[in-house]
Asker: 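Sharing a structure here in structure tokens format.
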Amino acid sequence: MSRAAVRPPRRSAPAPLRFVAPRLACLRLALACALAAPALASAAAPIEPIRPGERPGAGSTEAELWYGMDQAERDIKTAPALVRDPALNAYVQGVACKVAGEHCADLRVYIVDVPVFNASMAPNGAMLVFTGALLRMQDESELALVLGHEFAHYRQRHGLRGWTKAKSTSAVMASIAIIPSVVALAASLGGLASVSKFSRDMEREADQVGFDRVVGLGYDPQAGAQVWGRMLREEKSSKRSKPWPVFASHPNTAERLEDTAAAAKAHAGAPGEVGRDAYQAAMRPWLDRWLAAELSRRTYDTSIQVIADLREEAQRAGDQGNQGLYGYYLAEAYRRRGKNDDRQRSAQLLSEAVAHADAPPAAWREQAYALRERKDAAAAIDAFRRYLAAAPDAEERPFIEKTIAELETAP
Ligand SMILES: [Zn+2]
């Protein structure tokens with residue numbers, strides 16, 4: 001009997017994308033509100049960076065833009081995908097606050113449970129950070145850099161700049177295109193990436209302002225090169241060979257990597273604060289869930305690249321803390337892809353994963369089945385027992401107990 005035929009169904013993977021359709025609808029509504037607001041004369045005056053605590057003047061173009069964003073933000077507050085955990089929010093908001101400095105009180109950070117590398121900034125101070133981005137970062141300097149970039153869009157009033165320009169050319173689609181960030185969440189996930197763009201120049205400016213700010217705070221100047229290097233490797237692994245939606249409008253990743261590496265060179269000899277331990281401690285409770293969500297995308301070439309990268313980087317940093325989790329999910333990605341020698345690789349990774357204390361219970365279950373297939377009954381029984389000890393409420397407990405009994409009585 002094949003293993004697939006006798007195993008109870010797995011618990012279904014989390015479905016973090018389920019919220020997309022309603023979100024798209026309500027954000028469109030907000031957008032409609034913004035577009036329906038009376039069109040006011042575009043100011044010819046240059047757009048200055050926003051001051052701490054500054055709000056748009058009544059009846060201004062900026063007020064019109066904020067109105068739409070405020071509506072969208074209200075919806076985000078009740079979205080099922082919003083991660084409400086106080087500890088995780090406190091940590092990410094704390095880093096955002098540090099980066100935003102005197103603007104701290106103007107920013108609200110929303111963590112949304114979507115397994116994609118993305119973060120965005122609305123002109124009214126609402127920042128979105130996707131769990132897929134938190135999974136892919138390794139330390140606090142990287143988080144600070146990404147948040148610094150998004151904050152720079154706010155401080156430099158990029159949303160207003162794009163909005164004003166689009167209004168002056170009366171291009172409605174272009175108007176939609178420059179309503180950034182919050183709509184980008186829906187737009188990018190809805191496959192409408194082209195409607196959510198900051199200009200390339202704005203992106204460059206945000207990179208520069210963000211970099212200066214985080215390096216000024218004493219963070220590691222190499223953080224940008226690390227983040228973009230990782231992203232470039234991920235892009236290359238994808239058959240779609242397209243950058244992630246929200247980054248589609250950004251300077252291409254290779255160019256961006258070059259720019260940040262060059263900027264970091266100017267700070268050579270000033271290593272700065274990395275904050276790996278603090279970051280890892282804040283993310284560790286979530287990794288199991290986020291790695292499962294990563295695999296639920298079913299883009300295994302990419303997931304293998306992402307997880308293998310994280311696993312190797314942690315090894316290089318001498319951090320053994322997540323090796324069981326990374327190893328198990330990498331093994332799962334290979335097993336599910338099932339090409340060429342993927343099965344053997346998966347088995348090897350699984351054996352390595354269970355040697356680490358943080359291996360999730362499921363790693364023992366998979367290892368037990370693998371050992372049973374290899375006819376190593378004694379080791380399989382031991383692994384099944386370890387699984388049941390680690391997951392005492394497992395739905396398949398009766399089934400596994402029966403399997404253990406069969407293995408014990410088998411000749
Ligand atoms: Zn940007």
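Along the sequence shown, residues are numbered consecutively beginning with 1. Whatever order the structure lists ligands and atoms in, that order sets their numbers, starting from 1.
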Asker: Would you kindly check if the NZ (Lys) or CZ (Arg) of R336 is within the cone defined by 45 degrees around the ring axis of Y300 and under 6.0 Å from the six-membered ring centre?
Answerer: no
Asker: Would R289 and E294 pass as an ion pair if we require N to O under 4.0 Å?
Answerer: no
Asker: Is the Zn ion (ligand 1) under 2.8 Å from any N, O or S atom of H158?
Answerer: no
Asker: Please enumerate all residues that pass side-chain contact (heavy atoms from CB on, under 4.5 Å) together with R345, with sequence neighbours excluded.
Answerer: Y334, D341
Asker: With the Zn ion (ligand 1) as the reference point, give the N/O/S atom of H153 that is nearest.
Answerer: NE2
Asker: Could you please compute the angle at the Zn ion (ligand 1) from NE2 of H149 to OE2 of E203, rounded to 10°?
Answerer: 140°
Asker: Can you pull out every salt bridge (charged side-chain N to carboxylate O under 4.0 Å, His left out) where at least one residue sits in residues 316-326? Sequence neighbours excluded, please.
Answerer: R276-D319, R284-D319
